Amino acid sequence: MADDSSVAPGCYAAALSALPGMGPAYLGAILGEHHPRDAWEAVVSGKIERPAVRGEDLSGGRDVRAVDGSAVTAPDTTSKRPWRTLAASVDPVRWWTAISQHGIFVTWRGQVDYPTALSDDPSPPAVIFWRGHIEYLDAPCVAVVGTRHPSRDGTGVGFEIGRDLAAAGVCVVSGLALGIDGAAHRGALEALESASGAPPVGVVASGVDVVYPKAHSALWEGVASAGAIISETIPGRPAQAWRFPARNRVIAGLVKLVVVVESHARGGSLITVEAALQRGVEVGAVPGSVHSDASIGTNQLLFDGASVIRDASDVLSYLGLFTSGGPSRSDRVEQERNRGVHDPGPHGDRARGRGRSSDVRSEQALDVISRRVLEAMGWRPITTNQIITETGLGTPEVMRSLDVLTGVGAVTEDEGCYTRVS
Amino acid sequence: MTATVSSATLVGVEGQPISVEVHVSTGIPSFSIVGLPDAACRESRDRVRAAILSSGMKWPQKRVTVNLAPSAVRKGGAGLDLPIALAVLIADAQLPAQAADDVGFIGELGLDGSLRRVPGVLALAHAMSVSCLVVPPDCASEAALNPGVAVKSGGNLSAILACLRGRKSWEVPKPPSQESPPGRCLDLSDVRGQPLGRLAVEVAAAGGHHLLMVGPPGAGKTMLAERLVGLLPPLDICDALEVARIHSAASLDLPAGTLGVRPPFRAPHHSASAVSMVGGGGTQMRPGELSCAHHGVLFLDELAEFSAVVLDTLRQPLEERQVRVSRARASVVFPADVLLVAAMNPCPCGTNNGPGSCSCSDSARQRYASRVSGPLLDRFDLRVRLDRPLVSELLQDSDGGTIPGDCTSNRNESTEMVAARVLGARAMSSDRGYPTNSAIPSNCLEDAAPLSTGASRLLEVRLRQGALSARGLHRVRRVSRTIADLSGWSGALREEDVYSALALRSNVLSRSPGVSYGAEAVGARNG
C-alpha cells in the first residue's frame with residue numbers, strides 16, 4: 001500500500017497519465033528516466049512535449065498504419081492544446097489528494113507495490129490505479145474469463161471454478177464484465193463468504209471508481225472491498241472501446257494461466273488468449289457442447305491445443321497445487337475406472353460436481369419415491385410435467401420428493417425445470 | 001304537426017332509450033336533424049327520404065325538423081332510420097298517430113325501403129320500456145332473446161306500414177328454444193399426456209385462477225386452452241343474456257334461435273391494439289376483446305409477442321373485473337370478468353427444453369421473458385411449464401391405454417368427467433359465499449382456507465427461503481383451496497394440496513440475472 005512518501009510522486013505519475021495522447025509506452029519511458037515530479041516539471045516547462053510519432057502504441061485506435069508498415073499517430077482529437085499549457089492549469093497534488101480520499105491508490109513501474117508479474121511484460125502498464133489490496137496479486141493468479149452472453153451451464157461452471165479456485169487460495173483475476181467474468185468473481189466472493197480463500201482481483205477498462213456495466217455495481221463494490229480492482233485508466237474516466245483489449249493484455253500479463261469458460265466464435269476473450277500466447281502464458285478452455293454457440297470459441301481453442309479444464313482441480317494440478325475439499329470430476333473418472341466400470345454412462349461425465357455432491361452420492365437415506373424420481377430424471381433439465389409422466393406418481397408426491405432432493409443438493413431448480421446434479 | 005316515436009341507441013354495451021321527435025311545419029322545404037347525431041346518423045336524411053319515396057309515400061314539401069332526445073347523448077349508427085321515417089310520416093299525417101303508440105322501432109333503411117340489421121339489438125331491446133318492438137328481420141331472433149318484449153318485423157318499409165295500418169300481419173320470430181344447441185365441443189380426452197397441464201386447466205376452471213402456460217411449440221398449450229372453456233359450467237340465464245348483449249353490441253354472430261349458454265372463448269391475435277382489447281373507438285364505444293370474453297375465457301397465445309402497452313392495459317381490468325373507458329365524449333364501463341389464459345414460448349428460438357438446452361443466450365432469454373411485466377406475471381395464479389408429449393403418449397389408445405408404471409387411472413379423462421368435478425368444486429366455493437376461490441379476499445383466507453400443520457410447515461419453509469412472497473402465499477392458499485375442493489375435501493388444507501399448488505406455480509420464466517449465483521450475498525454484504 002502506498003505510504004505518505006509515495007503519495008507525492010504518485011500524484012505526478014497520475015497526472016502525467018492523464019495528459020491527452022499519453023500512452024503506456026511513452027509514459028513508461030518517461031518514468032524510466034525521470035522521477036515523476038521532475039517529469040511533471042519538465043512537462044510544465046515544455047521540455048517534454050506531446051509525442052509526434054510513436055512506435056507500437058497500446059493506446060491504439062488513433063494510430064494509422066503508413067505504407068511502409070510503421071505506425072503513425074494521428075493528431076489527438078480530445079485537446080489540441082500543448083501539454084505545457086494543460087499542465088500549467090492543474091495542481092496535481094490537490095487533484096490527487098481529492099481522489100485518494102476515496103481509497104484509490106496509484107503505482108508505477110519500479111515501485112515496490114507494482115505487480116511483479118507485470119515488471120517483465122512486453123507492454124506493461126506505465127501506471128496502475130487500484131482500490132482495495134493490490135498485494136493479493138502476490139498469490140498465484142489465474143484468469144477466469146469468457147463471453148458476456150454465456151449459456152446457463154457456462155455461468156454455473158464459471159461460478160464453480162471461481163469459487164473452488166478462491167477456496168484453494170488462488171487469486172481469481174477477471175474483467176468484471178457481464179457473463180462469465182461476473183460469475184467467476186461471484187464464485188470467488190462466495191468462497192470468501194463461507195471459508196477462507198484468496199480474494200479476487202478485477203481488472204477493468206474504466207476508472208476504478210466508474211462502474212461498468214452498471215448491473216454489476218454490487219459485485220464491483222464486493223470485489224473492491226474484499227479483493228482489489230485495478231485499472232490503467234485514470235479515476236473518473238469512463239472506458240473507451242480501445243481500453244477493453246488493452247485491459248485484456250493486463251489480465252494476461254498478471255496470471256499464470258488463462259481459463260476461458262465459454263467463448264463465441266469471435267469473442268473478446270480470444271483477445272486475452274492472444275495476449276497470453278504472446279507472453280507464453282498457458283491457456284486452458286472448458287469443453288462445451290458442440291451445438292452450443294457459446295462454446296464455439298472454446299472448443300476451437302481445445303482443438304488448437306489448449307489445456308482441457310473440467311473444474312478447478314484441473315487448474316490446481318496445472319499450477320502444481322493440491323486440491324482440497326471433495327473429489328473432483330477427474331478423481332471420479334479415476335474411481336470408476338478402478339472399480340472396473342469402464343463406461344461411466346452416456347452422461348456420467350457431464351454431471352457437475354458441486355462440492356456437496358460427495359455426501360449425496362451415497363444416498364441410502366433417500367426414500368423410495370425420491371430415488372424413483374431421481375432415476376427418472378436423467379441428466380438434462382426436465383419439467384415437473386415430464387417427471388410426473390415418467391414416474392406415474394401423483395403431483396404432490398413428485399413435488400415432495402423434489403423438495404427433498406433439492407434440500408440435499410441432488411437436484412437444482414431453474415425456470416421451472418429441474419436438473420440432476422449428482 | 002309533431003310526432004314522437006320510441007327507439008334506442010347504443011352507448012358502449014348498454015342501450016339508451018331515445019325519443020325521435022319530428023316537427024313538420026309550413027315554410028321553405030328543408031330537413032334537419034338535431035340532438036348530437038354522428039355522421040352515419042346525420043346521413044339518414046337521404047336514406048329516409050329515398051326509402052319513403054320508394055315505398056309509395058310522399059315526402060312532405062315542408063320544413064321538417066328531427067330531434068333526438070335526450071339531446072345530450074351522442075347518437076351513432078343508422079338504427080334510427082326506421083323511427084325517423086315513421087315519425088315523419090305520422091307528423092305529415094300519412095300514418096295515424098296511434099299506430100306507433102307503445103311500439104319501439106329499430107332499423108337501418110336501404111334506399112329501396114328495405115330493412116338492414118343493426119348491431120346491439122339485444123341491448124337496445126333490453127333498454128326500451130315498450131311492450132312491442134319492430135326490428136329488421138335479420139336481427140329479429142336476436143331481439144327475441146330478450147324476455148318480456150314482443151318482437152315483430154317486416155321485410156321493408158312498405159310492409160311495416162301495411163302492418164301498422166292493420167292490412168297485413170307481422171312476421172314474428174320463433175321464440176328462443178330453451179335447450180342449448182348441441183354444438184360440438186372440443187374434448188379434453190384428445191390431449192395426450194400433460195398431467196400437470198390437465199391439472200392446471202381443471203384448477204383454472206374450478207377456481208377462476210388465471211393461467212400461464214410456458215412451453216415449446218407443439219406442447220399442446222393451445223389445445224389445453226381451447227378445452228378449458230368446455231370445463232366451465234354453463235352460464236345462467238342472467239349471465240347468458242349479459243354475454244349475448246355484449247356480443248350483439250360488438251356485432252358478433254349470436255347462435256341462431258337460442259340463447260348461448262356456453263361461456264365465450266376469445267383468442268385475439270397478438271397484433272391486437274390496446275383499444276381493441278379494452279374497448280372504445282368511435283362514438284359508439286365498441287366493447288373490446290376483454291368484454292367479449294366476459295364470463296368466459298380470454299386466451300392470449302404467444303403472450304410475449306403482444307405489445308407491452310396492450311398487456312399492461314389488462315392489469316387493472318383483471319383486478320376490477322370491469323373496464324372504464326374514458327374519452328372526451330363519453331365514459332363507458334364495460335364488464336370484463338374473464339378467466340385469462342396465456343401461452344408463450346420459454347425463449348425466442350422456441351426449441352428450448354429447459355435452461356441451457358438451446359442456443360439462446362441467457363440475456364436473450366431474459367429479454368424475452370421480460371416482455372411480460374412483473375405485475376402482469378403476478379396476476380397469474382397458475383404458471384406451468386409444459387413440454388412436448390412423449391412418443392408413447394402420442395401413440396397410446398384414446399381410451400386410456402397403458403403407460404408402464406401408471407398408477408393414476410385418470411390420464412385421459414373426458415371433458416364431461418372433469419367438468420362434473422369442476423361443478424362440484426364451484427358449488428363448494430359458493431357455499432362458502434364466493435363465486436370462485438380466486439375471489440376469496442385475503443383477510444378471509446383464515447376462515448375459507450385454513451392450513452393443516454403439515455401445510456403450514458411447508459409454506460413456512462418456502463417463506464423463509466424467500467421462494468414465496470406474502471402475496472404469493474395468499475395466491476397459493478387460494479389455489480390449494482381449489483385443489484382440495486376438486487378432491488371433495490372441505491377441511492383444512494392438506495400438505496398435498498399445497499404441494500400441488502406449488503407445482504402449479506413454478507418459476508416459468510428466466511428472471512433476474514445471477515440471483516442463483518450469489519448476487520444477494522454480494523449485495524447484502526455491501527448493503
Side-chain angles (χ1 to χ4, degrees), chain A residues 147-156 158-159 163 178-179 182-183 185-187 189-190 193 215-216 218-219 221-223 225-226 264 289 291-294 372 376 380-386 388-400 402-403 412-419, chain B residues 193-197 199 214-215 219 346 353-365 369 383-387 389-390 393 403-408 458 461 483 494-500 502-504 506-511 513-514 516-523 525-527:
Chain A
T147 172
R148 281 171 293 143
H149 304 289
S151 72
R152 188 56 63 103
D153 195 43
T155 315
F159 179 83
R163 181 191 63 198
L178 291 174
H185 280 308
R186 287 201 175 95
L189 288 179
E190 189 184 90
E193 193 103 318
H216 274 176
L219 181 63
E221 289 308 313
V223 171
S225 57
H264 290 267
S289 163
H291 294 136
S292 168
D293 281 355
R372 194 162 143 198
R380 307 207 59 163
I382 184 169
T383 62
T384 324
N385 192 42
Q386 276 170 326
I388 296 169
T389 315
E390 293 271 349
T391 56
L393 294 166
T395 313
E397 286 81 32
V398 167
M399 285 303 285
R400 187 179 292 121
L402 284 173
D403 245 16
T412 58
E413 187 269 323
D414 192 12
E415 290 182 33
C417 294
Y418 290 83
T419 313
Chain B
Q194 307 299 8
L196 205 59
L199 179 64
V214 178
N353 206 14
S357 65
C358 74
S359 58
C360 299
S361 69
D362 258 17
S363 45
R365 300 160 64 80
R383 306 164 199 172
V384 289
R385 184 73 190 243
L386 299 178
D387 30 41
L390 303 175
E393 289 173 315
I403 303 171
D406 182 7
C407 60
T408 51
L458 169 60
V461 171
I483 292 170
R494 299 158 298 184
E495 199 186 16
E496 61 254 43
D497 301 326
V498 176
Y499 264 125
S500 296
L502 290 171
L504 294 176
S506 53
N507 298 323
V508 284
L509 292 177
S510 180
R511 288 271 167 203
S516 53
Y517 293 107
E520 306 98 323
V522 175
R525 191 172 43 211
N526 299 290

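These values consider heavy atoms only, across backbone and side chains, with no hydrogens, waters or symmetry-generated copies. As the structure is a computational prediction, the values presented were derived from the model and not from experiment.
The part of Leu199(B) that comes within reach of chain A is its side chain, from C-beta onward, which places non-hydrogen atoms under 4.5 angstrom from that chain. Only the side chain of Leu458(B) comes within less than 4.5 Å of a heavy atom in chain A; its backbone stays farther off. When heavy atoms are compared at a cutoff of 4.5 Å, Glu413(A) approaches chain B solely by way of its side chain, counted from C-beta outward.
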Audit row: Tyr418(A), Thr384(A), side chain to side chain contact (heavy atoms under 4.5 Å, CB included) steps and yes/no: CA-CA 7 Å; Tyr418(A) 290 83; Thr384(A) 324; 3.6 Å; yes
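Salt bridge Arg400(A)/Asp403(A): absent, no basic N to carboxylate O contact under 4.0 Å.
Heavy-atom minimum distance, Thr383(A) versus Cys417(A): CG2-SG, 3.9 Å.
The NE2 atom of His185(A) sits 6.5 Å away from atom CG of Leu219(A), with the distance rounded to the nearest 0.5 Å.
Note on Leu178(A), Leu402(A), Asn385(A): by heavy-atom pairs under 4.5 Å with chain B, the leading option is Asn385(A).
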